[in-house]
Amino acid sequence: MATEPMNTEEKGQVFRRVSGFTAACVLVSSVIGSGIFTGTGFMARDLGDAATILALWVIGALLALTGAISYSELGAALPHAGGEYVYLSRAYGPFLGFLSGWVSFTVGFSAAIAAAAVSFASYFLQLVPIGTETGVVGKSLALGLVWLMTAVHLAGVGPGGLLQRTLTIAKVGAVFLLILAALAVGQGQWANLALRGTPSPAIGTMVVSLIFVIYAYSGWNVAGYLAGEISNPGRNIPRTMIIGTLFVGGVYVLLNLLYLYALPIEDLAAEPILPVAEKAAKALFGETAAHLVAGMLCLSIAGAVSAMVWAGPRVYYAMACDGLLPAIFAATGAKGGAPVTSIWLQSAWATVLVLTGTFEQLVVYTGFVLTIFSALAVAAVPVLRRSEPHLPRPFRVPWYPLPPALYLAFAGVIVAYTLAERPWESLYALVTVLAGAPLYWVLGKSSTR
């Protein structure tokens, strides 16, 4: 029998003090992180075709939107901290719920934080060339960012929310200034968009490239993790997810048009591949402006790391409240109300991943397993409609069942092709998931006793 995760607001430790605007800032900052400023370089290398790159970013936006619409029904009906952990526990039982929380810890947030921190170091070293991103200096910069954001969010929801709003407003303003400046005075060529690869990229290659797009859109569901703290969740959770996802999709298409306007496809694919936005800015405005853009990107990625450091620990907090993790994970700060132990442990694991992984491996590793669990959560919409038809649903998926069906179809294709094209990264991800099974057996038995 499925268990209902505890409403952490009722427990009295977390209160609904996050406004819809702050939740939207967390979403936008969580999504617009490192992926949009790095992934297009890898796609240019693998695809060699401008039209295909743009098409994949549009497909990614539609996929994220169908997921956001589906999650909106779940989040409004079950407005508790924890996101997928809550939805899967309610729809399928505590075992799958636990595995989703385990994945959030080991892969979903920690690996995403690590990948973003690595890309932050790459851009910072373009700005101040004092070392390499894979060397001691690069690793130190990445870890410094992780632990700076950790310190702020340990101070509580108030300081963390202020930081998040400030970073989001600054990064969105900077992105739009970059786009407007490129169109007004940039030295680019629209003819670059007509360049086509020869031969056309294989289907499998395009699907794996879509993993980079999905990684860049990851975070559209972040409001679900903060649902226990969001005011008026029946209204604010759907608004945050749907409007925020549409906004980010528009920004992403504009930025990719900027990259392709700035450089032909072969230059985007040339080494160094990772700092593609910095290369495009250099071509558009010259060396000095490229340095300013690199600084802007560091700010943007810092905002994404801040959002993930904030959101992820709410999952482990909810699991501890339900007895599926040791009670220490539910410990909150005396004044700020932040789940301090969960924040510490997440950042510690992200540190291990920064020291041991490369950016490309982390992206494929993260995207593959998150696609599986997000698909399970979307499938929870029809499952719960059948098993709990009388559950109050302030928001219902429009055009049902089309959005969940589209999301599940795309997710199935992505998982199948990633297994075929990147078997080792997929295997590591699956092993990580399965490693949570014996842990559930131990902790679940303890919770039952």
>> Closer than 3.5 angstrom, by distance alone: can the side chain of T168 be matched with the main-chain N or O of R165 as a donor-acceptor pair?
In response: no
> Okay, side chain of W102, backbone of T432: is any donor-acceptor separation there less than 3.5 Å?
Replying inline: yes
>> F410 vs V413, test: side-chain contact (heavy atoms from CB on, under 4.5 Å). Steps then yes/no.
In response: CA-CA 5 Å; F410 272 108; V413 171; 5.8 Å; no
>> Evaluate L74 against V86 for side-chain contact (heavy atoms from CB on, under 4.5 Å), listing each step before the verdict.
In response: CA-CA 9 Å; L74 297 169; V86 175; over 6 Å; no
> Does the S306 side chain pair with the main chain of A302, one donor and one acceptor, at a distance under 3.5 Å?
Replying inline: no
> Looking only at atom types and distance, does a side-chain atom of W57 sit under 3.5 Å from a main-chain N or O of V253, one as donor and one as acceptor?
Replying inline: no
> Within the distance-only criterion (no hydrogens, no angle test), does the side chain of Y252 pair as donor or acceptor with the backbone N or O of A216 below 3.5 angstrom?
Replying inline: yes
> Between W147 and W344, what is the ring plane arrangement, given parallel below 30°, perpendicular above 60°, and tilted in between?
Replying inline: tilted
>> Please evaluate residues L419 and L430 with respect to the criterion side-chain contact (heavy atoms from CB on, under 4.5 Å), reporting the C-alpha separation (whole Å), side-chain torsions for both, the decisive distance (0.1 Å), and the verdict.
In response: CA-CA 10 Å; L419 279 167; L430 291 174; 4.2 Å; yes
> Is the W349 ring parallel, tilted or perpendicular to the F105 ring (thresholds 30°, 60°)?
Replying inline: parallel
> Can you tell me how far CZ of F37 sits from CE of M296, rounded to the nearest 0.5 angstrom?
Replying inline: 5.0 Å
> Considering all heavy atoms of both residues, which atom of A68 and which atom of W220 are nearest to each other, and what is their separation?
Replying inline: N-CZ3, 3.5 Å
> Would you find a donor on one side and an acceptor on the other, under 3.5 Å apart, between the side chain of K279 and the backbone of L268?
Replying inline: yes
> Quick one: salt bridge (charged side-chain N to carboxylate O under 4.0 Å, His left out) partners of E73, sequence neighbours excluded?
Replying inline: R385, R393
> Does CG belonging to L180 count more than 12 external heavy atoms closer than 6.0 Å?
Replying inline: yes
> Do the ring planes of Y440 and F98 sit parallel (below 30°), tilted (30 to 60°) or perpendicular (above 60°)?
Replying inline: tilted
>> For F247 and F176, take the angle between the two ring planes, folded into 0 to 90°, and tell me which bin it lands in: parallel under 30, tilted 30 to 60, perpendicular over 60.
In response: tilted
> How far does CG of L324 sit from CE of M319, to the nearest 0.5 angstrom?
Replying inline: 5.5 Å
> Can a donor-acceptor pair be found between the side chains of T22 and Q164 at a distance below 3.5 Å?
Replying inline: no
>> Rounded to the nearest 0.5 Å, what separates atom CG in L54 from atom CG in D49?
In response: 9.5 Å
> Okay, side chain of Y261, backbone of G186: is any donor-acceptor separation there less than 3.5 Å?
Replying inline: yes
> Between I69 and M241, does a side-chain contact (heavy atoms from CB on, under 4.5 Å) hold up when you go through it step by step?
Replying inline: CA-CA 7 Å; I69 291 171; M241 286 191 180; over 6 Å; no
>> As an exercise, state the distance from SG of C25 to CG of L167, rounded to the nearest 0.5 Å.
In response: 10.0 Å
>> Looking only at the aromatic ring of each residue, does the gap between the centers of Y85 and Y316 stay below 6.0 angstrom?
In response: no
>> Closer than 3.5 angstrom, by distance alone: can the side chain of Y92 be matched with the main-chain N or O of L376 as a donor-acceptor pair?
In response: yes
>> When you measure from the side chain of N236 to the backbone of S231, do you find a donor-acceptor pair of N or O atoms at a distance under 3.5 Å?
In response: yes
>> Quick check: closest heavy atoms across P238 and F395, and the distance to 0.1 Å?
In response: CG-CB, 3.7 Å
>> Working to the nearest 0.5 angstrom, can you tell me the gap between M308 CE and Q346 CD?
In response: 9.0 Å
>> Could you go through Y317 and F329, starting from their C-alpha distance and side-chain angles, then the distance that decides it, and tell me whether this counts as ring pair (Phe, Tyr, Trp, His ring centres under 6.0 Å)?
In response: CA-CA 6 Å; Y317 170 88; F329 280 84; over 10 Å; no
> Is a donor on one side and an acceptor on the other found under 3.5 Å between the side chain of K171 and the backbone of L299?
Replying inline: no
> Does Y400 have any ring-ring contact (aromatic ring centres under 6.0 Å, His included) partners at least two apart in sequence or in another chain, and if so, which?
Replying inline: none
>> So, taking the atom named OG in S89 and the one named CG in L96, what distance separates them when rounded to the nearest 0.5 Å?
In response: 8.5 Å
> Is the number of heavy atoms from other residues, nucleotides or ligands under 6.0 Å of W190 CH2 greater than 12?
Replying inline: yes
> Under 4.5 Å between any side-chain heavy atoms of I32 and Y217, yes or no?
Replying inline: no
> Yes or no on side chain to side chain donor-acceptor pair (under 3.5 Å) for D46 and T205, after CA distance, side-chain angles and deciding distance?
Replying inline: CA-CA 7 Å; D46 296 339; T205 303; over 6 Å; no
> Can you tell me if Y407 and S374 form a side-chain donor-acceptor pair at under 3.5 Å?
Replying inline: yes
> So do the side chains of T66 and V378 get within less than 4.5 Å of each other, counting heavy atoms only?
Replying inline: no
